[in-house]
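Written below as structure tokens is the structure these notes are about.
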Amino acid sequence: MPELPEVETVRRGLQPVMEGAKIVVAEARRPDLRFPFQPDFVARLQGQIVTGLGRRAKYLMADLGSGDVLLMHLGMSGSFRVIKPDNEAAPGEFHYPKGKDSAHDHVLFRMSSGADIVFNDPRRFGYMKVIARNALEDEPLLRDLGPEPLGNEFDAAMLARSCQDKTTSLKAALLDQRVVAGLGNIYVCEALHRSHLSPRRIAATLSTKKSEPTDHAKRLVGAIHTVLNDAIKAGGSSLRDHRQTSGELGYFQHSFKVYDREGEKCTTPRCGGTIKRFTQNGRSTFWCSKCQK
DNA sequence: CCCAGGACCTGCCAGC
DNA sequence: TGCTGGCAGGTCCTGG
């Protein structure tokens with residue numbers, strides 16, 4: 001499901017019920033997600049106050065009173081929902097309406113704010129890990145992440161520099177979380193279309209020999225900013241699984257120009273092209289060969 | 001080191 | 001109705 005706008009949407013949904021509240025009960029209903037849970041996973045969460053809920057790239061990070069940080073990744077199909085606990089249930093028991101999907105409710109938190117938080121992930125590509133805050137910079141999952149695409153240090157010059165020796169496609173470079181951290185298949189396709197750049201272009205063409213950013217790089221950074229900000233405003237994109245934590249759908253999918261629009265007409269004014277699809281590095285690329293060069 | 005491809009897992013949908 | 005193959009918003013690991 002989730003790229004940066006979906007994760008940010010989830011963060012904003014969880015923040016009001018998590019920040020300042022205590023994790024009264026934590027439960028992991030299976031031994032692993034993508035990785036095994038740490039043996040002390042539950043123990044390090046239970047009883048802790050969540051002092052802040054942040055986001056880095058596609059990770060959610062809950063700061064705990066103990067000095068630990070709970071790192072959460074949604075993988076492809078992870079989602080959180082916030083429900084009201086059933087007052088009939090015994091304390092410490094999670095008791096809520098079961099859906100067809102509840103077999104994949106893997107992690108539950110009861111918050112002192114009066115909310116139960118349920119993490120559901122059918123494919124189990126997501127994961128959670130508790131890390132000491134003072135060890136964050138050594139954390140392998142975070143260590144190699146590039147700049148936040150909406151952060152101050154990410155600009156055309158920086159993007160051009162990190163692409164200057166890359167022989168791979170521009171599409172693959174933008175999906176590389178070391179280059180810029182938070183984009184995924186949808187928003188890379190969309191940003192490339194909006195900047196009229198071909199996904200097949202060699203990444204190094206974003207810079208000159210002197211590593212100066214080209215106008216292409218500037219356009220691309222502008223398009224990344226616009227598409228991510230617009231998608232966050234829309235509550236993300238809902239194709240299959242993504243819901244806001246309230247259960248509402250995001251609606252940015254209605255603003256897609258290329259993603260999942262194979263065969264449809266390109267919306268670029270006076271272009272007249274047709275959206276095509278092909279596979280790059282094992283993933284679908286959607287684009288218009290007429291206006292993306 | 002860089003890069004492409006496979007692996008991980010389940011669900012859904014189109015086509016037979 | 002099945003059943004089957006292909007596809008899905010991510011990223012780690014391996015081998016060239």
Side-chain angles (χ1 to χ4, degrees), chain A residues 1-11 29-36 55-60 71-80 99-106 119-129 139-146 149 162-192 199-204 227-228 231-232 234-244 249-263 277-286:
Chain A
M1 138 186 146
E3 304 179 33
L4 186 152
E6 290 73 36
V7 178
E8 179 60 23
T9 298
V10 169
R11 191 193 70 77
R29 296 194 157 175
R30 47 173 301 127
D32 54 19
L33 291 172
R34 177 163 182 189
F35 311 120
R55 179 189 57 73
R56 170 76 172 106
K58 301 175 192 173
Y59 291 90
L60 289 172
L71 197 64
M72 299 172 273
H73 196 288
L74 304 183
M76 285 283 255
S77 59
S79 65
F80 282 95
K100 42 183 176 294
D101 213 34
S102 344
H104 302 300
D105 289 345
H106 301 313
F119 178 70
N120 179 284
D121 186 6
R123 293 178 74 179
R124 302 201 305 277
F125 289 165
Y127 43 94
M128 295 194 191
K129 184 176 181 183
E139 171 53 46
L141 293 167
L142 304 175
R143 208 175 33 204
D144 298 327
L145 289 177
S162 37
C163 287
Q164 65 183 339
D165 296 321
K166 290 206 171 286
T167 57
T168 191
S169 67
L170 186 50
K171 164 96 186 291
L174 294 172
L175 282 174
D176 184 342
Q177 303 295 296
R178 294 169 302 184
V179 171
V180 54
L183 301 179
N185 206 32
I186 291 178
Y187 297 104
V188 166
C189 290
E190 292 296 319
L192 286 170
R200 297 189 137 111
R201 170 186 281 275
I202 298 302
V227 77
L228 293 180
I232 291 169
S237 304
S238 293
L239 293 185
R240 285 156 274 277
D241 332 51
H242 169 67
R243 305 245 155 187
Q244 307 190 36
L249 298 171
Y251 53 90
F252 191 73
Q253 65 279 12
H254 303 302
S255 302
F256 289 171
K257 310 258 189 224
V258 288
Y259 189 85
D260 221 7
R261 297 194 108 73
E262 183 182 17
R277 164 178 147 162
F278 71 107
T279 300
Q280 259 179 320
N281 304 92
R283 318 200 55 191
S284 282
T285 296
F286 296 89

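So that the names make sense, note that chain A is the first sequence line, chain B the second, and so on, each numbered from 1.
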Using whole Å, report how far CG of D144(A) lies from C1' of dC2(B). 14 Å
Please state whether the rings of F119(A) and F80(A) are parallel, tilted or perpendicular, taking 30° and 60° as the class boundaries. tilted
Taking ring-ring contact (aromatic ring centres under 6.0 Å, His included) as the test, write out the residues that go with H106(A), two or more places apart. H104(A)
Below 4.5 Å, heavy atoms only, C-beta onward: do Y187(A) and L174(A) meet side chain to side chain? no
N/O (side chain, Y127(A)) to phosphate O (OP1/OP2, dG10(C)) under 4.0 Å: no
Return the value, rounded to whole Å, for the distance between atom CZ of R123(A) and atom C1' of dG10(C). 9 Å
Nearest-Å distance once atom P is located in both dG6(B) and dG6(C): 14 Å
dG10(C), OP1 or OP2 - any side-chain N/O from K58(A) closer than 4.0 Å? yes
dC9(B) - base-pair partner by Watson-Crick or wobble geometry, distances under 3.5 Å: none
Measure CD/E262(A) against C1'/dA8(C) and give the value in whole Å, please. 15 Å
Once you round it to whole Å, what is the distance between C1' of dA7(B) and CZ of F35(A)? 12 Å
For dG10(C) and Q177(A) - does any side-chain N or O of the residue sit under 4.0 Å from the phosphate oxygens OP1/OP2? no
Below the 4.0 Å mark, does dC12(C) have OP1 or OP2 next to a side-chain nitrogen or oxygen of R34(A)? no
Considering all heavy atoms, the nearest F256(A)-L239(A) contact: CE1-CD2, 3.8 Å
Under 4.0 Å between a side-chain N or O of S77(A) and OP1 or OP2 of dA8(C)? no
Is T168(A) close enough to dA4(B) that one of its side-chain N or O atoms is under 4.0 Å from OP1 or OP2 there? yes
Mind calculating the distance between CG (L175(A)) and C1' (dT11(C)) to the nearest angstrom? 11 Å
So G282(A), base contact, sugar-phosphate only, or nothing? Heavy-atom distance under 4.0 Å. nothing
Separation of dA8(C) atom P from D121(A) atom CG, nearest Å, is 18 Å
Which nucleotide, dA8(C), dT10(B), dG10(C), lies nearest any side-chain atom of H104(A)? dT10(B)
Please measure how far the P atom in dG5(B) lies from the corresponding atom in dC7(C), and state the result in whole Å. 15 Å
Are dC8(B) and F125(A) stacked, with the base six-membered ring and the side-chain ring centres under 5.5 Å apart and planes under 30°? yes
Side chain of P122(A), heavy atoms from C-beta onward: which of dA8(C), dG11(B), dC9(B) has the nearest atom to it? dG11(B)
P149(A) to L4(A) - nearest heavy-atom pair and separation: CG-CD1, 3.7 Å
What is the separation between atom CG on L174(A) and atom P on dT11(C), rounded to the nearest whole Å? 14 Å
Checking only heavy atoms, does the side chain of R283(A) share a donor-acceptor pair with the base of dA8(C) at less than 3.5 Å? no
Please classify the nucleic acid contact of Y187(A) as base, sugar-phosphate, or nothing, using heavy-atom distances under 4.0 Å. nothing
Can you check the L142(A) CG to dT11(C) P distance for me, whole Å? 12 Å
Identified side-chain contact (heavy atoms from CB on, under 4.5 Å) partner of L145(A) from the options Q177(A), E139(A), K58(A): Q177(A)
